[in-house]
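Have a look at the structure below before the remarks.
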Amino acid sequence: MAVEGGMKCVKFLLYVLLLAFCAFAVGLIAVGIGAQLVLNQTITPGATPGSLLPVVIIAVGAFLFLVAFVGCCGACKENYCLMITFAIFLSLIMLVEVAAAIAGYVFRDKVISEFNKDFRQQMQNYPKNNHTALILDRMQEDFKCCGAANYTDWEKILIVTKRVPDSCCVNVTQGCGINFNMKDIHTEGCVEKIGGWLRSKMLVVAAAALGIAFVEVLGIIFACCLVKSIRSGYEVM
């Protein structure tokens, strides 16, 4: 039995929210993949709170897309069981997203601590590993920084006075890091600069997750209203 009256409007609004959920899901997957790529370049892979957060974001995004599809089928066919399933799963996703947002805020300093530790470890491998050197050079060029705390960290690694990687230079050219002038290099450390960037991105993700959770509350309310209408139709029949 088709829904009537105000429930037709609720059904239409639910379709709009389901479309928004699909967009949110794709956005979450993209953000999670982007965060994972950044962390893979800055933090040694491992099961740490900071490195697991992108995986959670990707999983939630994929699950949200699947749940939105179930909700769309349920609303289209006005199927009681599918709509109940949609409402329950959407509630679970909302709880996971809120937990992920809280975890992102709580562990933001932990991520910076991990980054500081791993950046210094990678600096030790800079003279011996070309792949590591390329990663650090790219980071120093992109973020206009030098060393972990500051440019003097390279003195312990390169064991040469007044020598830093060429990527520390304001204008990068071959050999520009040898016998440099202070005004020609970036003196600020990468840990603080990149750490601040990572922290800001995590806060953006946390805020986005809370915003999506609010929209999901509306989806749950509309789904419950539609379920009630469908059940009433069954009782009349």
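Each residue takes its place number in the sequence, starting with 1.
At a cut-off of 3.5 Å, with distance as the only test, a side-chain donor of Asp137 or Ser167 sits close to an acceptor on the other residue.
Per the SG-SG cut-off, Cys190 and Cys146 are not bridged by a disulfide [distance not under 2.5 Å].
The side-chain heavy atoms of Ile29 and Ile33, taken from C-beta on, include a pair separated by under 4.5 Å. Side-chain contact check for Met139 versus Asp142: every heavy-atom pair is 4.5 Å or farther apart.
Applying the side-chain hydrogen bond (donor to acceptor under 3.5 Å, both in side chains) rule to Arg120 yields the partners Asn116; only residues at least two apart in sequence or on another chain are considered. Take Cys169 and apply the disulfide bond (SG atoms under 2.5 Å apart) test, not counting sequence neighbours, and it matches Cys176. Take Lys144 and apply the side-chain contact (heavy atoms from CB on, under 4.5 Å) test, not counting sequence neighbours, and it matches His186, Lys193. Residues passing the ring-ring contact (aromatic ring centres under 6.0 Å, His included) test with Phe143 are Trp197, sequence neighbours excluded. For Thr152, the side-chain hydrogen bond (donor to acceptor under 3.5 Å, both in side chains) partners are Asn150, not counting sequence neighbours.
Annotation: Asn130, atom CG; neighbour count of heavy atoms from other residues, nucleotides and ligands within 6.0 Å does not exceed 12. Heavy atoms of other residues, nucleotides or ligands lying less than 6.0 angstrom from CZ of Phe65 number 12 at most. Other residues, nucleotides and ligands contribute over 12 non-hydrogen atoms within 6.0 Å of the CD atom of Glu141. Counting non-hydrogen atoms of neighbouring residues, nucleotides and ligands closer than 6.0 angstrom, the CZ atom of Phe69 reaches no more than 12 such neighbours.
Screening Leu18, Ile220, Leu226, Asn79 for a side-chain contact (heavy atoms from CB on, under 4.5 Å) involving Phe86 leaves a single residue, Leu18. Put simply, the residue from Leu90, Val16, Ile93 that forms a side-chain contact (heavy atoms from CB on, under 4.5 Å) with Phe21 is Leu90.
Both Val67 and Val215 belong to a single network of hydrophobic side chains, linked directly or stepwise wherever heavy atoms of I, L, V, M, F, W or Y lie under 4.5 Å apart. By the rule that hydrophobic residues join a cluster once side-chain heavy atoms approach within less than 4.5 Å of another member, Val170 and Ile178 end up as members of separate clusters.
As a member of the Ile/Leu/Val/Met/Phe/Trp/Tyr network built from side-chain separations under 4.5 Å, Val70 groups with Leu82.
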